[in-house]
Amino acid sequence: MTNSFDLQEELQALQNTGDYQIHHEHDIRSMEPGTTRPFLSEAVSAIAQSSEAVTSSDTFDILRSFLKYAGAVPGILMSKLVDVIMSGFSAEVDAAIHAIDHEDQQTCAVHKVPIEMYAFLLNWSARSAEKVTVSNEDAPVIAPAKPRRGRGGKAAQPRAIAKNRAPEWSWKDHIVPVLTLISKVLKLKTSKIWTVSGERDTFIGCLTAPAYHVTENDQYMKSQPIKLGVYKVICLAVKHHGHGPAAQTTIMQSLQYYEHLSEPMAECLNVLLKEFDHAQLGDEILREIAAKSFNAQDTKGPRNFSKFLTQFAEWAPRAVLKQISLLLSHLDSESYPMRMAIVEISGHLIRELACSEDLTSDAHQTQKQLNGLYDLLLERTLDLSSYVRSKVFTVLGRLCDLPVKFPKQRLAITRAAVAALEDKVAGVRKNAITLVVKLIVTHPYGLMHGGLLGMQEWDDRYRDVLNELQRTEKALDDTLTGGADTRDDRKGSRREDAGDAMDADENDGNEDDVDSIIDESEPEPSEAEQGEGTSNGDGDGDEQRIPSSKNKNSGRKSELDMAALTDEQAALAALESNQLLHLRLRKRYYSEALNFIRQLLGSTHKAEVLEAMEFFRVAHEYQLESAATGIKKMLHLIWSKDNSSMSEDGKELKGIRSRLLECYRSLYFDPLPDMEPKQQVNRIAKNMIELTYDATLAELTSLEEMMRYMMDDDQIHSDVVNKLWQVYSSERPLPKQQRRGAIITIGMLALARRSVVQDRVDVLLKIGLGPMGKADLILAKYTCVALQRLNGSAKKVKGSLLDKSVRIDMDSPVLRKLQEAIEHPCRSREWFALTEQAINAVYALGDQPEVLSNTIIKNLTRRAFRRREKSTQPAVEDQPSTAPNADAMDEDPPPPSTQALISTLPGSTQGASAGKAKKSDDTGDAFELSQLLFVVGHVAIKHIVYLELVEREWKRQKQEKELGERGLPFPRNLRCGRPNFCMDPNSLLALFGPLLVRICGRPDQFKNPTLRAVATLSFSKFLCVSSQFCDANHHLLFRILETSRDANIRSNIAIALGDVAVSFSTIVDENSDELYKGLSDHDLVVKKNTLMVLTHLILNGMIKVKGQLGEMAKCLEDEETRIADLAKLFFTDLSTKDNAIYNNLPDVISHLSVGEHAMDEEGFQRTMRYIFTFIEKEKQAESIVEKLCQRFRLTDDTRHWRDIAFCLSLLPFKSERSVKKLTEGLQSYRDKLHEEGVFARFQEILVKARSNKTANKPDSELNEFETILEENRRQGEEDQAFEKRVEGKKAAAKKRATRRTRKKQASVDEDEE
């Protein structure tokens, strides 16, 4: 057997195990289970006696037979087989090592064949190991332990069997010993045994094959001992046995086909490089990868190679740096994973070059390499693939943490990040925001002045340094003697330079308006600290702005100390100037980022929104300009649904609401270190109050929701609430805004917890509805809002009749104070907002609010219609009652007299001059009438809501009394019927209906703008509460909408029409055309309100959609971005309704193409291109093809032809039926194909149909259709040319006839003369 064994032939034959021939083969499958053990024991005994027994044909054939039929071998026998092969192999290797050590060449050659045979068997064992069955049928039967009596005896038997059961076979347990044995074999000096390199390579390949086979299983490679064993085998083979080329081939194949081997192979090469000092294999693999080419369709291979390169560059960046020039060829690769790999490699190389100290490299060369790598990364920010662009910003973000800051590159990075905020892909924008945040947090000026980025403070510090420098130079010049003329010239030159620098800096400061908040009491750092803080800053910059200290100090060698001082000051000024320049540029980019990221807060991409929130939090902490605006915009995210999700990199993302609350807590509510508890409370209360400053209604609503949420969660301490009450009730003269903020915040907190205001009602009445409230109507308004919280804020459950609100008696001092606030004489516009909230409070708290409402209306009616003497002086009621400034509630400083106040009010009829007042027959007061009508209208709308509550309460009580008792009588309040209570002759409100109609219908008589606005608002409310009144007078509202010049009135009517449509849909549905007129209004607010109202009505099915949907489509092309975005949102939501867009599409096309509502052709195409994106069903597309083809017959307008053809070209034509519908409609458009625009669209349709055609379908039908189109086009052109010739001949004949007629007439005239 020794002479006949050839390892190469055996390995070749082993490729197909089933055909492998064994001389004395034993079929293990046909043997009895009991006979296999003695059969194997024979070979075991032989090898145990001598490891060379493997060369015996009988022993070798037994071992091979077991391996060939490994699937039938029990696990326990397979374990024994592997053990005997390993023990024999180990003994043979020990003998070979002994022979090599004694340099016995003849003896060494004897060990060649046994070692090869053992290597062959071990190779085969690794291949067959996983085929082995795990059963233990041949295991010896172990007698079970006798069960114990008593407690626990039952469980004794299973435990004993489990303890004595033979261990099952597991190849994984044998892998580490096998790899250890192979490593031992590889320590042999193979050149002493194998003198032929080919035989040695075959042996090494056979020996390392089990290691490579193990790597193919991803579960094995998760085990650290197995992984290290594989690395050691490969590294030893490559280092000592010339296995490099074979390993290179195997590793490249592994990277191509096994995704899990990318990182292990990179780690293996790193071990080979660092522990075995062998870099050639890594270099060769990098060169081979650099020479490979990948196409865009190949996904698996490039991804594996990309991971490998990235990991290898991270662990061995110097090795990759040597081959980077070759690897850069992949920047032009079609496969984006390879471009991503180059981007990550560049990041690792920059980190290596910046952080490591390589004494062999030149500093200038290193800087050149760094600049090139940074330029490469910045170029990739414009890559076609969004994945590559995202990866670039991720890598740049990691580089920001480097101790070396690279100021010039940071400016370019900031510019690129800000530009990427406009990227179309959300992932790129998200990473760009993350990078901007990282740039702010890691800016290189952190050691100076606390690291804040307020530009104004930096400007001031820079000027201080320049001034100090000038003073020092002046002192130096005064102490020097001799050379006065020269010194004077130099001094003047220096001052001019310094003055130029200051002037330039002041100009820049004026251009960049910066607002920063820095504690003025904070001590400034000393010059030594400043110098230390700038040691890591940039040393290069625009130095032309600072005069050179070297030139200034020339010729003054005798004054060493003063010169040194001057040099220090000049250097410090230059450093400050460079930093200021960089700060200005970076501030400009950050300001642009603030504007862009504010828009990203409304993104639908959750990760992007979270990053935008983090940016504004960081920007606010670093006191960047306009960051507070973004913080306020974030408030609206409180309405987001709070649910966690997973990001692209597998990390769990917090809910948006949770993240918002975290941001606000960290900025405004979390206690600061080293601050007394009392100061903490004051700070938090101050922050809460300041959040209300200059807040819009939407911002206050969102802030209220956030405060309610935090109060429910017990995140606001009671001491903070008490502090808010102290601010609100303070007797000291506080700013109005501060006291208002306190009560606004209290009202928000009371929404969650009624007790916040329940125990301080007397304070509310004393302050908000007392003298302070009369002097500040806004304070009084929010006091009324806080009082409304007394009735509780429990949300009504749909379908439930339970009402948990709390009501008080009508003689309560709260209601009396509310009445006084409404009836108190006042001529400020803020009175209307106060009265609205006061009436809301009356209906929220009062047990019988209609009683108090009647009283208030009657009192205001008497005041408005009382007789007055015609006089230029104001009425007695308009005079201050207690103090000269009692009624001038919001005027500070007060006007000289009440007459002056009244004359400046838009609601006064006494405004223009005394002469006009005397000549007028109007003895009433327009402002007091406006107050009356406002109260009447608001009471009407609140009373209808109150009646619904009464009806619900009656139903609830009726349900409780139904069990065996007599039902309750119908409430008196409901006997007149809710829809028509305003028309009831016994109703007080019914008296004002005709008055409102007259004032609104006669603008020529009632010209006061305040009166007209209030009357229109109340008139709209009356329309909402009475069907009879609405049916009789709704046309007047449409007329006012069409004719009014006041944009506020038109805007209010647009909103009111939505409410009327909800109340009485039939009436509005008959006049739906009037609703759409607001979309063409020139005022932005009117247009926006109309669009929002129509969106609400259409999407909720309150009005029927007709042909007017085209007017909504026009808004897609509106110049105002907000209108266009709202229109897009409308059509996106409409597309979710059943076939809503499809059913109305033909009408929309006709509406926008021809007639008085037609758009320009380019706008029409952009609009249709957007709308057709919602036609996704193929059946819908087929039907639209048929409908559009029929429309060709109905028009002779060439513009309409082009529009129809364009719409046809927007359809996908994915099915043959769509193309068939188009060909069947040929008769409808064949005579229109001569129009160039029409024919071009049909050519586009043909291209699209061919691209969607199945591969096995011939082009004959489409080719035939194209031929027919060409023929009809030529025929149409000929017909057109013929018609033009006929028209030309007719025109010529007409001209000739005209000339003959003129000649004949001329001759007649001559004869008559």
Side-chain angles (χ1 to χ4, degrees), residues 601 606 609-614 616-618 620-621 628 630-645 652-673 675 677-693 695 697-728 741-760 782 785-797 804-806:
L601 288 173
K606 183 175 182 179
V609 175
L610 294 175
E611 288 298 333
M613 294 165 66
E614 176 65 13
F616 281 113
R617 185 190 68 79
V618 172
H620 188 272
E621 288 182 350
I631 294 293
K632 278 195 172 184
K633 293 280 185 184
M634 284 165 50
L635 267 177
H636 303 310
L637 298 174
I638 193 66
W639 305 103
S640 303
K641 293 182 179 179
D642 203 4
N643 51 352
S644 300
S645 61
E652 184 177 359
L653 297 177
K654 282 189 175 182
I656 292 178
R657 182 189 296 174
S658 300
R659 184 66 187 135
L660 173 69
L661 293 172
E662 280 186 13
C663 288
Y664 266 82
R665 274 199 301 269
S666 64
L667 291 176
Y668 300 112
F669 297 95
D670 285 348
L672 297 178
M675 185 179 284
K678 184 177 180 180
Q679 295 177 337
Q680 299 280 15
V681 171
N682 293 342
R683 170 184 165 271
I684 295 173
K686 179 174 178 287
N687 289 339
M688 295 172 71
I689 291 173
E690 288 178 351
L691 285 174
T692 64
Y693 290 177
L697 179 60
E699 290 168 353
L700 287 176
T701 306
S702 299
L703 181 62
E704 180 180 74
E705 177 66 12
M706 188 184 76
M707 294 290 188
R708 183 195 65 79
Y709 192 88
M710 296 180 70
M711 195 68 179
D712 276 338
D713 203 26
D714 291 329
Q715 296 180 16
I716 298 178
H717 198 271
S718 59
D719 291 344
V720 177
V721 179
N722 293 333
K723 186 62 182 178
L724 291 172
W725 278 109
Q726 289 179 16
V727 174
Y728 173 69
I743 189 58
I744 291 172
T745 309
I746 289 171
M748 293 175 178
L749 300 178
L751 192 64
R753 199 167 296 170
R754 190 188 335 185
S755 59
V756 172
V757 295
Q758 196 170 21
D759 301 332
R760 309 274 186 117
Y782 287 109
V785 174
L787 285 171
Q788 294 170 33
R789 309 295 187 229
L790 289 172
N791 79 329
S793 57
K795 293 184 178 179
K796 178 184 178 299
V797 180
K804 295 183 179 180
S805 60
V806 178

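The model shown is predicted, which means the values in this text are computed figures rather than measured ones. The first residue of the sequence shown is numbered 1, and numbering continues consecutively from there.
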To the nearest 0.5 Å, tell me how far S755 OG sits from R760 CZ.
10.5 Å
Is R708 paired with E704 through a side-chain N to carboxylate O contact shorter than 4.0 Å?
no
Closest heavy-atom pair, I638 versus L660, reported as atoms and distance to 0.1 Å, is N-CD2, 3.5 Å
Checking the side chain of Q680 only, and the main-chain atoms of L672 only, is there a donor and an acceptor separated by less than 3.5 Å?
yes
Which of parallel (below 30°), tilted (30 to 60°) and perpendicular (above 60°) describes Y664 and Y668?
tilted
Nearest 0.5 angstrom please: L635 CG to L691 CG, how far?
7.0 Å
So which heavy atom on T745 is nearest to which on L724, and how close?
CG2-CD1, 3.7 Å
Heavy-atom donor-acceptor pair, W725 side chain to V756 backbone, under 3.5 Å:
yes
Write down the atom of M711, the atom of A752, and the distance for their closest heavy-atom approach.
CB-CB, 3.7 Å
Using modelled atom types and a 3.5 Å cut-off, is there a donor and acceptor pairing between side-chain atoms of S702 and backbone atoms of E699?
no
Which value, rounded to the nearest 0.5 Å, describes the distance between M748 atom CE and M706 atom CE?
8.5 Å
Which heavy-atom pair separates C663 from R617 by the least distance, and what is that distance?
SG-CD, 4.0 Å
Working to the nearest 0.5 angstrom, can you tell me the gap between I743 CD1 and Y782 OH?
11.5 Å
Determine whether N687 and R683 make a side-chain contact, defined as any pair of heavy atoms from C-beta on separated by less than 4.5 Å.
yes
In this structure, CE of M710 is separated from CE of M688 (nearest 0.5 Å) by 7.5 Å
With side-chain contact (heavy atoms from CB on, under 4.5 Å) as the test, would you mind laying out the steps for D719 and N722 before giving the verdict?
CA-CA 5 Å; D719 291 344; N722 293 333; 4.2 Å; yes
About how many Å separate CE of M707 and CD of Q715, when rounded to the nearest 0.5 Å?
11.0 Å
Work out which heavy atom in S640 is nearest to a heavy atom in R657; give both atom names and the distance.
O-NH2, 3.4 Å
Is there a side-chain contact (heavy atoms from CB on, under 4.5 Å) between V757 and L787 once you walk through the steps?
CA-CA 7 Å; V757 295; L787 285 171; over 6 Å; no
Indicate the atoms forming the closest heavy-atom contact of I656 with M613, along with that distance.
O-CE, 3.6 Å
